[in-house]
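This structure is a prediction, so every number in the text was calculated from the model and none was measured. These values consider heavy atoms only, across backbone and side chains, with no hydrogens, waters or symmetry-generated copies.
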Amino acid sequence: MSSGSAQLSMIHPEPGERAEALLNDAVLRLLLEQATEALVLVDATGRVLAFNGEASRQFRMSRPERVEHGWLPGCAWVRAEDPSLPLEISPLTRGLAGEWVKDARWGLRRPDGTVVVLRGSVVPLGVRDGRAEGALLRAREETPARLDAASAARLLAEAGALLSGALDAEERMEPLLRLLVPAVADAGVFYLGPPGEPARAVAAAHASPERHCLLVEWLRGQPTDALVPGGLPPVPGTGGARRLRLTEAHPDAASSDAAPHLAGMLELHCYLGVPLVARGRVIGSLALFRSDASHDFGIEEERLAEELARRTALSVDNARLLREAREAVRLRDEFLGIASHELKTPLTPLHLKVQLFHKKVELMAVHGQPVSAERVLETLEVVQRQVRKLTSLVDNLLDVSRITAGRLKLELEEMDLASVAAEILYRFAPSAAQINCSLELQAPLPVVGRWDRLRLEQVLTNLVSNALKYGAGKPVCVTVEAEGRNARLTVKDCGIGISARDLPRIFERFERAVSDRHYGGLGLGLYITRQIVEAFGGTVRATSEPGVGSTFVLELPRGDIPEEWLVPPAGGEPPPA
């Protein structure tokens, strides 16, 4: 008996309890489950006392109750060199016979028919008279690495050269996959998407040209988000990589719709998914596949994929930041040009009018003539109108600054939205008459709520002025109505409309759906409107059709108001102020 066996046998004072005592120790239980090797402990009768999670993964089975003559249920021990030839004596049988098997290689045909090569040892426990009270099998799957260390380093260097200085990282995704396919995997897919939005497949590759076409075609019909049923396995989170076998029942495996295509039509069985994480956020994933069901991805390939994913995520994020910075600079320059033009628009007539009036006054003073009060009033009216335009422009810029800094404050009070709308339309009546545009208000009942009057007037002013600007000569209708604790305000014009392409961005800062040559403005009115409405806890949306007109709909919560304010009184009279 070897010295190792003698030391182990001393642990157990009673022969019948020696092997089972290992399982009773909580520390040993924890060590068993945390082990990176498959550990199987059996007693002399074949009863399985321990079968850790790694054993379940490698043998593709849950813990069996017992083994018969050293053979696991549904499994067959075969020769590693030739899986068609069975082993005459199983490793566990040799261990129970008192033999210490060291650093051996075995083939194992698993219940699903796949064959894996294991390297490990068998330790007999409590050997007496040539027989052991139990045996412990330790095994690790022997996965032939496709890349040695030098090749992996060379691959990462080539990937770094591809990614360095890439202004559009998505264009480099397929060349990156070609570095991995077929060197590391038989197929691969890159997913990218902004944080919090569905990811989409931006590149795919298969080692077989015919199956590459099938993979690309199959991906086109899949959901854009790999997280939804029917697509590829779930995108890993920031926790790290994920390895799966697509043909086995697993809660994280591909869906029943996807697995037959991947495993059957595309002959892909093993999956390795690695997240692309930038600044703590998942921006995509790298999915690698192998066709050989008997050779899962190993830890070295997982580390290589993780490093490549890290570099790719950094490059994609940097390229995205560069694009956003350039776009911000472009918008800034465009805004400065528009702002300069808009500020000069009221300043030019103001300057000319004051200059002409000054010369007129000097001329009349030379001839001793009194200055006409009518002419003074006319000049002051022009000056006042242009000053109001300048004030409005400056106020908009200040509001943008407050919104950006989070300093937009609201002073809430009870008011009637219908009355506020009527007052705003009254103010716009002279301007609407000048452009032959009729204003209509549909507000049969008062709609009372708690809002900031100044900001609410600002919202209505922006929407009505917008409708008059783009719907000149055509009617503008404003509707106010209540739905329980919500108020709805609709502004509809019959103007030029907005294209479907431009509609999603009209509420953004400095955005405009028309040329600034034909229509003035800083592109801030709708942005400020949305920010104020959202500060009230409401929403604003727009629908439009080019040549037909646009409709803007505001949904505003009425706030904490008495229940009697929600029910219109009999006769349509407004509630007491």
Side-chain angles (χ1 to χ4, degrees), residues 159-177 189-203 224-227 235-238 274-286 308-342 396-408 498-516 521-535 540-542:
L162 275 174
L163 292 170
S164 61
L167 297 181
D168 188 353
E170 290 190 15
E171 294 181 355
R172 309 298 175 96
M173 295 295 100
E174 188 165 349
L176 279 175
L177 284 178
V189 180
F190 260 119
Y191 277 90
L192 286 179
E197 297 184 14
R200 58 188 177 87
V202 297
T224 56
D225 191 354
L227 287 170
V235 176
T238 55
V274 184
L276 272 61
V277 182
R279 292 179 288 162
R281 301 175 299 174
V282 177
I283 62 173
S285 68
L286 167 62
L308 181 63
R310 185 189 68 80
R311 299 186 183 190
T312 302
L314 181 62
S315 177
V316 169
D317 193 51
N318 287 341
R320 184 175 295 163
L321 290 174
L322 179 60
R323 288 196 306 270
E324 291 176 355
R326 289 182 171 180
E327 178 65 13
V329 171
R330 184 192 68 79
L331 288 175
R332 182 205 64 185
D333 293 341
E334 181 180 340
F335 167 72
L336 290 176
I338 295 173
S340 299
H341 172 74
E342 289 298 315
N396 281 340
L397 293 175
L398 289 174
D399 281 339
V400 171
S401 176
R402 294 189 189 100
I403 291 169
T404 303
R407 292 187 286 107
L408 184 65
I498 306 169
S499 67
R501 180 188 61 186
D502 296 323
L503 202 57
R505 61 183 181 86
I506 60 173
F507 290 103
E508 299 301 322
R509 185 171 48 179
F510 308 136
E511 291 287 356
R512 49 180 55 245
V514 294
S515 170
D516 59 287
L522 299 176
L524 295 175
L526 292 180
Y527 168 76
I528 294 173
T529 295
R530 178 171 68 90
Q531 297 297 324
I532 294 175
V533 170
E534 290 179 354
V540 57
R541 64 182 186 275

Would you check if [X] and [Y] make a side-chain contact, meaning some heavy-atom pair closer than 4.5 Å?
X	Y	value
Val274	Arg310	no
Thr312	Leu286	no
Leu314	Arg311	no
Glu324	Leu321	yes
Leu192	Phe190	no

query: If you take all heavy atoms of Ala203 and Glu174, which pair is closest and at what distance?
result: CB-N, 3.6 Å

task: For residues Ala313 and Ala278, report the shortest heavy-atom separation together with the two atoms involved.
output: O-CB, 4.0 Å

task: Report the distance from atom CD1 of Ile532 to atom OH of Tyr527, rounding to the nearest 0.5 Å.
output: 11.0 Å

query: Looking at CZ of Arg530 and CD1 of Ile506, how far apart are the two atoms once the value is rounded to the nearest 0.5 Å?
result: 10.5 Å

- prompt: Are the side chain of Arg172 and the backbone of Leu163 linked by a donor-acceptor contact shorter than 3.5 Å?
  reply: no

task: Carefully, step by step, assess Ile528 and Gln531 under the rule side chain to side chain contact (heavy atoms under 4.5 Å, CB included).
output: CA-CA 5 Å; Ile528 294 173; Gln531 297 297 324; 5.7 Å; no

